[in-house]
Q: 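Let me give you the structure first, and then I'll get to my questions.
The chain is numbered in sequence order, starting from 1. Counting convention: from 1, in listed order, for ligands and their atoms alike. Keep in mind that what you see is a predicted model, and the values were worked out from it rather than measured.
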Amino acid sequence: MTVENTRVALVTGASRGIGALIARTLAERGWDLTVSARQPEALQGFAEALAGDTGRRIVAVPADMSDEAAVHRLAREHVDAFGRLDALVLNAGMGAIGPFADFPLRRLDKLFAVNVRSAYQLVQQLLPTLRATGQVSPRGARVIAMASMTGISAEPLNSAYGATKAALISLCETLTVEEYTHGVSGVAVCPGYVATDMTSALADKIAPAEMITAGDVADQTVAMTDLARTVVIPRLLLTRPGPNLWHA
Ligand SMILES: NC(=O)c1ccc[n+]([C@@H]2O[C@H](COP(=O)([O-])OP(=O)(O)OC[C@H]3O[C@@H](n4cnc5c(N)ncnc54)[C@H](OP(=O)(O)O)[C@@H]3O)[C@@H](O)[C@H]2O)c1
C-alpha cells in the first residue's frame with residue numbers, strides 16, 4: 001500500500017516521447033506510478049531508470065491498447081499495486097494520415113481502438129478508484145487525455161486521427177459533468193506538432209526545432225494536477241506562434 005499522502009498516477013504510452021516526460025516529471029515531484037507501453041524491454045528499462053533516479057515506486061505493466069484483455073489487466077494490476085489513483089494519464093496513441101476519400105476502414109478501427117476505446121475502458125474500470133481518491137483528495141482525481149489540435153481544428157489528411165482526438169475531448173468533458181460530485185474531472189490536452197518519434201517523418205516539412213517541445217507539453221500537463229478539485233481546465237491548448245496558431 002502507498003503512504004497516505006503519496007499521489008499516484010497511471011501513465012500509458014510512458015516509455016518514450018511525451019508520456020515518458022510526464023512520468024518523469026511526476027516521479028520527480030514525488031508521485032508513485034504505474035507506467036505502460038507495448039514493448040516490455042523498453043518499458044522495464046525506463047521504469048528501472050526512473051525508480052533509480054527518483055527513489056519512487058514505479059510499476060511497469062506492458063499492454064497493447066488495442067487488446068481489451070491487456071487493458072483490463074493493466075487497470076487491475078494498478079489497483080492491486082496502489083489502490084489509489086490521483087491522475088489517469090491517457091497518453092498512448094497512434095497516428096495515421098490519409099485522404100478521407102479512401103482511408104481504409106480497418107485502419108480507422110485500429111485508430112479508434114488504440115486512441116479512444118482503450119481510454120473509455122480504462123476510465124470505466126478505474127472509476128471506482130478515481131472516485132475513492134477524488135472524494136478524499138483536496139485536488140480531486142484527474143483523467144488527463146492526450147488529445148490534439150487536430151481534434152479541435154480540421155487538418156487535411158487527419159479525418160480519422162482528428163476524429164479520435166475530438167472523441168477524447170468529448171469524453172473528458174462528459175466525464176467532468178457526470179463525475180464532478182465524486183471529485184473526478186477530465187482535461188484534454190491539445191497540442192499542435194510536438195517533436196517526438198511520432199512526427200519524425202514530418203521533419204522535411206517542419207523542422208523539429210519549430211515544433212512544440214515534449215518538455216513543455218509534459219510540464220503543462222503535470223500542472224493540471226496542481227489545481228484544487230473545484231477548478232477544471234477542460235481543454236489545454238498548446239500551439240505554435242505564427243500562422244499555425246489554430247493548426248497542428
Ligand atoms: N507528437 C505530436 O505531434 C503529437 C501532437 C498531439 C498529440 N499527440 C499525442 O500524444 C501522445 C503521445 O505521442 P508521442 O508523440 O509522445 O508519441 P511517441 O513518441 O511515438 O510515443 C508513443 C508512446 O505510446 C506507446 N504506444 C504506441 N502505441 C501503443 C499501443 N498500441 N498500445 C500501448 N502503447 C502504445 C509507445 O510505446 P510502444 O511502442 O512500446 O508501445 C510510446 O511509449 C499520443 O496520443 C499522440 O497522439 C502527439
Q: Going by atom types only, do R139 and T225 share a side-chain donor-acceptor pair under 3.5 Å?
A: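 Side-chain D/A pair, R139 to T225: absent.
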Q: Starting from the C-alpha separation in whole Å, work towards a yes-or-no answer on salt bridge (Lys or Arg N to Asp or Glu O under 4.0 Å) for R131 and E179.
A: CA-CA 8 Å; R131 285 174 174 170; E179 291 292 330; 2.8 Å; yes
Q: May I ask you to check whether over 12 heavy atoms, not counting those of F103, lie within 6.0 Å of atom CZ?
A: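 Atom CZ in F103 is crowded, with more than 12 foreign heavy atoms closer than 6.0 Å.
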Q: Counting only heavy atoms and a distance below 4.0 Å, can you name the residues contacting ligand 1?
A: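 Under the 4.0 Å cut-off, ligand 1 touches G13, A14, S15, R16, G17, I18, A37, R38, Q39, A63, D64, M65, N91, A92, G93, V114, M146, A147, S148, Y161, K165, P191, G192, Y193, V194, T196, D197, M198, T199.
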Q: Go through it in stages, so that I can follow the logic: the residues are R107 and D109, the test is salt bridge (Lys or Arg N to Asp or Glu O under 4.0 Å), and I'd like the CA-CA distance, side-chain angles, deciding distance and then a yes or no.
A: CA-CA 5 Å; R107 203 174 304 164; D109 289 342; over 6 Å; no
Q: Does a side chain donor of either H72 or Q121 reach within less than 3.5 Å of an acceptor in the other side chain?
A: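 Checked: H72/Q121 side chains show no N/O donor-acceptor pair below 3.5 Å.
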Q: To the closest 0.5 Å, what do you measure between OG (S118) and CG (L90)?
A: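 Rounded to the nearest 0.5 Å, the OG-CG separation comes out at 7.0 Å.
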